[in-house]
Number of protein chains: 2
Amino acid sequence: MDTKLSYSLRELAQLAGVSKSTASRVISGNGYASPDVRERVLKAAEELRYKPNAVARAMVAKRTYNIGVIVFRDKLPIVSHTLYGKIVDEILMAAEDLGYSIFLKTDREMSLRSMDYMLEQRVDGLILISRLRKNVIDYVKKFNIPYIMVNGSAEDPDVVHLVSNDEAGGERAAEHLYDQGHRRFFIVAGPVEHRSHSLRLSGFLNKLGSLDDGKRMITEEDKQSGQGSDGIVDETSTKAEDASRISIVTVAESPDSSFDSGVRLMEERYEEFRSGSYTALFATNDMLALGAMKVLLENGVHVPEDVSVMGYDNTDLGGMYHPALTTVSVDAAGLGRDAVAILDRMIGGEENVPRLIEYESEVIARRSTRGEGNGTCSGIGNT
Amino acid sequence: MDTKLSYSLRELAQLAGVSKSTASRVISGNGYASPDVRERVLKAAEELRYKPNAVARAMVAKRTYNIGVIVFRDKLPIVSHTLYGKIVDEILMAAEDLGYSIFLKTDREMSLRSMDYMLEQRVDGLILISRLRKNVIDYVKKFNIPYIMVNGSAEDPDVVHLVSNDEAGGERAAEHLYDQGHRRFFIVAGPVEHRSHSLRLSGFLNKLGSLDDGKRMITEEDKQSGQGSDGIVDETSTKAEDASRISIVTVAESPDSSFDSGVRLMEERYEEFRSGSYTALFATNDMLALGAMKVLLENGVHVPEDVSVMGYDNTDLGGMYHPALTTVSVDAAGLGRDAVAILDRMIGGEENVPRLIEYESEVIARRSTRGEGNGTCSGIGNT
DNA sequence: CCTCTTTGTGGGAACGGTCCCACATCACAT
DNA sequence: ATGTGATGTGGGACCGTTCCCACAAAGAGG
């Protein structure tokens, strides 16, 4: 009796002296039961510590109230990822509020295995996080299961995806630095295959181009010589001396987007960086920015006095750094919450959900850029 | 047909022209089927994109191959927690390898709700992370479900728990700083209710006491006056001038263990800190250490030239900081992996599992303490 | 007093698998 | 020919719910 893991509705009904139909009505709250019967059943449930079997329920309801979350990564662990971790946290909370539970999986090889697993588990819907290969999308489409992509890179008009407006964010970053008077920019760009990185970069470059167009006289670094095409800059690290622009921009591409890559890149190109007398460094995410900035600091470069540094993502880490990193925020909370909310509507059969939601980003000015930035941080991280 | 979410074994069998028993045998791999029948069934499965229904399977098997992971937190999100996030990552990977899936829940109020949910889902076992109240343990004990505690604070001999050996880690930290010649210590201690924080602190203090006993002459700061009790130091921030010890220790207690608390604490006690001419700061976790260090840096204190700073947890963040933080590692990978492995054994009915596993910690010497420390970092954090 | 609702309860099929057991078939030894 | 054993397949109970429907009892209206 004590060794039993759990009791069934039949046993409960037996103890209460009613049929299992009646017990079911009391437990599930669907259907009528007279007060005294209800009480007897409830008492028996208490006694047996009866817990309805969600598995059996799911079976007849053909619905599990579970949502599968798959995070696609290549090699690195990803829940503890500074941005995706936050999104997962939000998903967890939002799901709880809507009565869903979360099945979490990370997928190293971007394979279809984890997808199969979720399908076999008969989750009600899927949230796919991060860039995923086309084959994954093609695959999931074949099954009639609601799914949503968060921060994905596919530009498929069919799939519902939630992304931050990285292009606009890149523009704001450019504006911020430009307004602070910077004209010589060194950009550390994460892998261009990533939607986020490439959009942030292009937003930044485009904005810079249009800013220069407006007031092309106020500069001391103008290498007036170009012809005026609107391919603003060199794609990979040649000076933009041929453009009819005032800004000097060097784009350094990083093969991946980690802190270490930022370090490595700056170590390799430090000489070039110094000799170019850049006054601002923009990286397409915080990790790259911090990695690069660390190398600068170690070489005795003062941030922001000598060089301003700006990242993107508003990871907690950036706010904690010394100097605190100026960055562009990504609305992780919004992404996570809405992912669940919209998926819920899709599960409910609603057809008319938005295909694409973009989240606006704003500049979080802090110490690492010269200007009025403050040193506060959005503190997280306890034990 | 295309609108169908999924097909049943019966439909599959029908298409293949066999009975569902036979189809089951082919699909599950349990039992014999002749080659041509096998092939027919497999072909039909392909055609229908048949996915076995794990819910139905779980029902008859009375086993779900799901593991519930509940992270108890008070207010802050916790998956993105620098340490617990890592542990969850490891659990995810280990579970995958053993054929389990993970149900993840965080529990804000340390309530029993999430526990009930897991029980209803009929998970095969539970991993409970972080400190949990006694009522939670009492509750889970009532059900015959295997469970394990990771980094929990309960010292209940019945429950299987995996913890890092925080006491020994604290000792090593003391040793490290002592060996580097430090004698005036300022300690930022996280909440003493937390097992980890209090053990790290006591380990540190005890070790310091015994180090001083051994060679009480080699010092310039000796306030020879005390009587020789072995209550080494003042508990809260009074100088240990009465002890027959060479070290001066101040313990500053922080109400919580976040980065912000570290900042706040050091801001409040900065004057005291400066006037005490401490040469080393030890905090019971990295976040507190970094928060405090940031304040020092902002006040122009040089780390490690003026003050050495040391944390605990070996969070990625510490390695990325400038200067890179010396810390004590916690074997998050080991904790996560073993949690799943041991739980698996318990699920398998094995009685004879260890009740307590302690993970040794080692000092990770980096730049923030004077000495030979290097500046490397275990880089993580990409997009 | 008999029908006709109304009301509360129970019986039982269904969900989609697994697995035990029965059974048909066939080879082979008797 | 007949029994025997192996071999491959099918029938059907069962897991723990939900929910439809049948049904008994009771109350209302003629």
Side-chain angles (χ1 to χ4, degrees), chain A residues 4-42 44-45 48-66 116-117 119-124 143 145, chain B residues 4-42 44-45 48-66 116-117 119-124 143 145:
Chain A
K4 222 163 151 49
L5 272 83
S6 61
Y7 294 88
S8 74
L9 196 56
R10 202 164 47 78
E11 292 167 301
L12 172 66
Q14 211 158 357
L15 180 65
V18 296
S19 75
K20 72 190 167 77
S21 304
T22 305
S24 170
R25 258 177 260 125
V26 174
I27 296 296
S28 69
N30 278 336
Y32 188 88
S34 63
D36 77 314
V37 162
R38 151 169 264 97
E39 198 190 344
R40 253 158 51 216
V41 172
L42 255 22
L48 295 182
R49 275 191 262 282
Y50 173 78
K51 300 257 173 277
N53 186 329
V55 175
R57 263 190 186 163
M59 179 133 162
V60 25
K62 289 170 162 301
R63 150 136 219 216
T64 56
Y65 283 95
N66 291 156
D116 277 341
Y117 209 102
L119 290 168
E120 290 182 11
Q121 294 291 336
R122 299 294 195 268
V123 293
D124 291 348
F143 300 90
I145 184 172
Chain B
K4 221 163 151 52
L5 272 83
S6 61
Y7 293 87
S8 73
L9 195 57
R10 204 164 46 77
E11 291 166 301
L12 172 67
Q14 210 156 1
L15 180 64
V18 297
S19 73
K20 72 189 167 83
S21 305
T22 304
S24 169
R25 258 176 260 127
V26 174
I27 295 296
S28 68
N30 279 333
Y32 188 89
S34 63
D36 80 312
V37 163
R38 150 168 266 99
E39 198 189 345
R40 251 160 51 215
V41 172
L42 257 21
L48 295 182
R49 274 192 262 282
Y50 173 78
K51 301 258 173 271
N53 185 329
V55 175
R57 263 191 185 162
M59 180 136 161
V60 27
K62 288 172 162 299
R63 147 135 223 218
T64 56
Y65 283 95
N66 291 156
D116 277 341
Y117 209 101
L119 290 168
E120 290 182 10
Q121 294 291 336
R122 298 294 194 268
V123 293
D124 290 347
F143 300 90
I145 185 172

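Both backbone and side-chain heavy atoms feed into the values below; hydrogens, waters and symmetry mates do not. Each chain gets a letter, A, B and so on, in the order the sequences are listed, and its residues count up from 1.
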Residues forming a side chain to side chain contact (heavy atoms under 4.5 Å, CB included) with Ser6(A), sequence neighbours excluded: Arg122(B)
Test Val41(B) against Arg38(B) for side-chain contact (heavy atoms from CB on, under 4.5 Å), laying out the working first. CA-CA 5 Å; Val41(B) 172; Arg38(B) 150 168 266 99; 6.0 Å; no
Axis deviation across the helix from dC1(C)-dG30(D) to dT30(C)-dA1(D), five-pair ends, to the nearest 10°: 70°
In terms of heavy-atom contacts, Val55(B) and Met59(A) come closest through CG1-N, 3.9 Å
Judged by each residue's nearest nucleotide on DNA chain D, which is more toward the 5′ side, Ser8(A) or Asp36(B)? Asp36(B)
List the atom pairs, donor and acceptor, that lie under 3.5 Å between side-chain atoms in residues 9-18 of chain B and the rest of the protein, sequence neighbours left out.
{"from": "Glu11(B)", "atom 1": "OE1", "to": "Ser8(B)", "atom 2": "N", "distance (Å)": "2.7"}
{"from": "Glu11(B)", "atom 1": "OE1", "to": "Ser8(B)", "atom 2": "OG", "distance (Å)": "3.3"}
{"from": "Glu11(B)", "atom 1": "OE2", "to": "Lys4(B)", "atom 2": "NZ", "distance (Å)": "3.2"}

Hey, what do you get for CG (Leu42(A)) to OH (Tyr50(A)), rounding to the nearest 0.5 Å? 12.0 Å
For Tyr32(B) and dG8(D), is the shortest distance between a side-chain N/O and OP1 or OP2 below 4.0 Å? yes
Spacing between Arg10(A) atom CZ and dC15(D) atom P, to the nearest angstrom: 6 Å
Donor-acceptor pair, side chain of Asp124(A) and main chain of Tyr65(A), under 3.5 angstrom: yes
If we count only N and O atoms by modelled type, under 3.5 Å, do the side chains of Ser21(B) and Ser24(B) hold a donor and an acceptor together? no
Is there a residue in residues 53-63 of chain A whose heavy atoms reach under 4.0 Å of DNA chain C, and which residues are they? Met59(A), Val60(A), Lys62(A)
Let me know the distance between CZ of Arg40(B) and P of dG8(D), rounded to the nearest Å. 14 Å
For the residue pair Tyr7(A) and Lys51(A), establish whether any side-chain heavy-atom pair is separated by less than 4.5 Å. no
Can you give me the first and the last nucleotide of DNA chain C (5' to 3') that has an atom within less than 4.0 angstrom of a non-hydrogen atom in chain B? dG16(C) to dC19(C)
I'd like to check Tyr32(B) versus Arg25(B) (side-chain heavy atoms, cut-off strictly below 4.5 Å). Are they in contact? no
From CZ (Arg49(A)) to CG (Leu119(B)), nearest 0.5 Å: 11.0 Å
First locate atom CG of Asn66(A), then atom CG of Asn66(B), and finally report the distance between them rounded to the nearest 0.5 Å. 8.0 Å
Contact summary for Ile145(B) and Val123(B), nearest pair of heavy atoms: CD1-O, 3.5 Å
What parts of residues 14-30 of chain A reach DNA chain C, counting only heavy atoms under 4.0 Å away? Val18(A), Ser19(A), Lys20(A), Ser21(A), Thr22(A), Arg25(A)
